[in-house]
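Data block below; observations after.
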Amino acid sequence: MDSEIFYKSASELDSLLDSGKLTSVELTKAVIERTRSIDAKLHAFISFDEEKTLNEAIQSDMRRKTGEKLSNLDGIPVGIKDLISERGQPLTCGSKILGGYVSPYDATVIERMRNAGCVLWGRLNMDEFAMGSSNENSYHGKVANPWDISRVPGGSSGGSAAAVASGETILALGSDTGGSIRQPAAFCGIVGLKPTYGAVSRYGLVAFASSLDQIGPMGRSVEDVATLFHVISGHDDKDSSSYPVDKTNHSMESVKNKRIKTIGIPSEYFGEGLDPEIRQTIEDAINFYKNAGHRVKEVSLTMTEYTMAVYYIIATAEASSNLARFDGVRYGYRSERAKDAVDLYYRTRGEGFGSEVKRRIMLGTYVLSNENFESYYLRAQKVRTLIRNDFMEVFKNVDLLITPVTPSPAFKIGEKSADPLQMYLSDIYTISINLAGLCALSLPCGLSSDRLPIGFQIIGKPFHEHEVLSLGYEFEQAHDFKNMHPAI
Ligand code: GLN
């Protein structure tokens, strides 16, 4: 068998598994071997359970043999960001405070992947509680970018992106509150989809900011990402914010079907601070679409300058409330030096949370406090509506938008960790999508002169994932970025 089997796409692997030339056990072993040989450099995994994973592969092989294949992903390994509950597996959210915690139940996305026969591979590293853009905030150690291990993989789904990019897994789940799927996908040269708020159930996802969080697929091709999205999306009674998505809409047939679209280019996303190489590479991608017959127009999103401020009020407010449950009584870590109950809360939280998480809890508590609630939180909610209206207005005249994902390629480990504002600015092009409840795809479109991946973002109307994927698929078919791998 091909020595680089771990770099094949899920769709190629599905045919190999169908033909009997490959078994899921062989594939899963290849991925485990790959992880064993390179993960000391990358640190993409927090934990894995080889025996459990191989057992799932054995089950899958039996199904394929008896013609009872459950889906095109039956037998395909999928890594899981360590904030999604898988029954019986540890879950840490990259934090000390969840040390020793084991999930007692399956998230809805996990249940759906089991029903599709996916092999649930290891637990992927992340910024603590998904707060960060570099994966330097994990209690379990920093993750390195497989393209250059002196650089960050992005965050907070940095483990997911690094593992997919380096062949430690075929697919992965990430989560995106302000860019955490798209930014690491761009930094690591892979494809990531942030689904529309409500398209994928959040049941079993540890909450960071509940009105912004979405689980989404990460993979090496648009088709693979679309296939996994198809499996995990759809209405769920256990999540009151989930929406009855029409699944037939985003079938592969629909994704492969090219339609002529009007693409908007928001000028505010191409202003100061954008790396010239990224600008040029995205302009080339836009020209590709023009030449392919799409209409391209410049548009304006006038609320863009407020997105960062609004996000860091709403996200921190929600985080401060969501994270109140980690008190040393119910889950994971408990300080052993506590004198009484109140002291237990203080010590457990003081010892258990890292500094970025504490910063967010303090900011969130501040904006929610009595005297600041109206001037910060309430006002931010109003501006959030204006940001959404801004997009909806533009979407009256265009079908989709194209923008950069990040202002620069992957930066050096340590380069921004002392300056939270600089770090926050690395999500300047992604957070508005979460605030407005839209969907967006990040996909590779080139390499910088330093051989670092560059991605671009396709933004769609709510529940128009099929359009976003379809436009991405068209680009991918005409280029060869999905076969471009890091030299790790
Ligand atoms: N980097 C952003 C933050 O730190 C977004 C994180 C995310 O999407 N989870 O909040």
Side-chain angles (χ1 to χ4, degrees), residues 81-84 93-95 124-138 142-143 152-161 172-188 192-197 200 202 205-218 307-323 353-364 367 380 384 405-408 410-411 415-417 419-442 455 457:
K81 186 175 179 181
D82 201 26
L83 78 178
I84 298 171
C93 288
S95 183
L124 293 160
N125 207 343
M126 56 182 282
D127 281 303
E128 186 177 3
F129 284 101
M131 298 171 188
S133 311
S134 67
N135 232 295
E136 292 166 289
N137 300 338
S138 169
K142 300 177 173 67
V143 179
V152 305
S156 64
S157 313
S160 302
L173 288 183
S175 69
D176 191 312
T177 305
S180 279
I181 288 176
R182 292 160 287 158
Q183 185 253 24
F187 278 7
C188 293
L193 175 70
K194 198 295 279 182
T196 308
Y197 186 76
V200 177
R202 289 178 296 113
L205 166 73
V206 178
F208 160 10
S210 312
S211 77
L212 301 162
D213 299 339
Q214 270 291 290
I215 297 172
M218 301 169 82
T307 54
M308 187 61 71
V310 168
Y311 173 83
Y312 277 94
I313 293 172
I314 295 178
T316 56
E318 294 183 12
S320 70
S321 156
N322 278 325
L323 270 58
F353 286 133
S355 56
E356 183 60 29
V357 174
K358 286 179 187 161
R359 179 180 296 125
R360 306 274 180 122
I361 292 174
M362 286 191 283
L363 274 170
V367 299
R384 179 178 183 173
V405 186
T406 58
S408 72
F411 45 90
E415 192 180 319
K416 299 191 186 200
S417 43
D419 184 347
L421 202 60
Q422 274 307 311
M423 189 68 90
Y424 296 171
L425 281 171
S426 52
D427 299 309
I428 185 101
Y429 304 127
T430 50
I431 54 178
S432 51
I433 313 321
N434 303 67
L435 289 168
L438 309 170
C439 58
L441 184 74
S442 166
Q457 176 169 240

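Hydrogens, waters and symmetry mates are skipped; everything else that's a heavy atom, side chains included, is used. Counting starts at 1 for both ligands and their atoms, in listed order.
- Counting only heavy atoms from C-beta outward, the side chains of S426 and Q183 approach each other to under 4.5 Å.
- Shown here for A209 and E318, the closest heavy-atom pair between the two residues is C-OE1, 3.0 Å.
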Item to check | Pair K81-S157, side-chain hydrogen bond (donor to acceptor under 3.5 Å, both in side chains): steps then yes or no | outcome: CA-CA 7 Å; K81 186 175 179 181; S157 313; 2.9 Å; yes
Can you produce the list of protein nitrogen or oxygen atoms under 3.5 Å from a nitrogen or oxygen of ligand 1, alongside each distance?
unit_1   : atom_1 : unit_2 : atom_2 : d
ligand 1 : 1 (N)  : G132   : O      : 2.9
ligand 1 : 1 (N)  : S133   : OG     : 2.9
ligand 1 : 1 (N)  : D427   : OD2    : 2.6
ligand 1 : 4 (O)  : G132   : N      : 2.9
ligand 1 : 4 (O)  : R360   : NH1    : 3.4
ligand 1 : 4 (O)  : R360   : NH2    : 2.7
ligand 1 : 8 (O)  : T177   : N      : 2.7
ligand 1 : 8 (O)  : G178   : N      : 2.6
ligand 1 : 8 (O)  : G179   : N      : 3.2
ligand 1 : 8 (O)  : S180   : N      : 3.0
ligand 1 : 8 (O)  : S180   : OG     : 2.7
ligand 1 : 9 (N)  : A130   : O      : 2.8
ligand 1 : 9 (N)  : T177   : OG1    : 3.4
ligand 1 : 9 (N)  : S180   : OG     : 2.7
ligand 1 : 10 (O) : Y311   : OH     : 2.7
ligand 1 : 10 (O) : R360   : NH1    : 2.9

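- Among I313, N434, L212, the one residue that satisfies the side-chain contact (heavy atoms from CB on, under 4.5 Å) test with R384 is L212.
- Judged purely by atom type and a 3.5 angstrom limit, D82 has no side-chain atom pairing as donor or acceptor with the backbone of L124.
- For the 3.5 Å distance criterion, the side chains of S95 and E128 qualify, holding a donor opposite an acceptor.
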